[in-house]
Amino acid sequence: MIKSVILAASLALAAGAAAAETHEVQMLNRGEAGMMVFEPAFVKAAPGDTIHFVPTDKGHNVESIDGMLPEGVDSFRTKFNQEFELEVTQDGVYGVKCTPHYGMGMVALIQVGDPVNLDAAGSVDHRGKANDRMSALLDQVQ
Ligand SMILES: [Cu+2]
């Protein structure tokens, strides 16, 4: 009896671990949405997943956008031309930008589980073309 409970618990743990996914996001000079993009620019992830940012083209980085991180998540900023793995553990939306191309609309949005900080994240003002692109990304949150 006890043994079967332990077995069920460890199976559930194994299933949880197996479900953790890595989502690849490329940094591109030109993508389907135009110039200077993260592709895909919207990612729906689960807590425990990893977002793998790949510097396919040169001259880009990844920086968190102030006001667009779930509570308890530290801000971050990578160097240029660097791969970056972001493990997302907190529910919410995570907004990121490429520092030099922010005004050109180089932004991305990651939804992790329940978008608990959506109102706060949606009230952030952006630079230039990032306003339109981020609005479109926020519309994809479910
Ligand atoms: Cu860039």
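Read the numbers this way: they start at 1 and go in the same order the structure lists the ligands and their atoms. Predicted model, so just to flag it, every value in this text is computed and none were measured.
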As an exercise, state the distance from NE2 of H23 to NZ of K44, rounded to the nearest 0.5 Å. 11.0 Å

For H60, the N, O or S atom at the shortest distance from the Cu ion (ligand 1) is ND1

Vertex the Cu ion (ligand 1), rays to SG in C98 and SD in M106 - rounded to 10°: 110°

Quick one: pull up CZ in R133 and NZ in K97 and give me the separation to the nearest 0.5 Å. 15.5 Å

Can you tell me which N/O/S atom of H101 has the shortest distance to the Cu ion (ligand 1)? ND1

Test your reading of the model: is there a side-chain donor-acceptor pair from D91 to the backbone of D114, 3.5 Å cut-off? yes

Please verify the inter-ring angle class for Y102 with H126; under 30° counts as parallel, over 60° as perpendicular, anything in between as tilted. perpendicular

Whether T99 has an N, O or S atom under 2.8 Å from the Cu ion (ligand 1): no

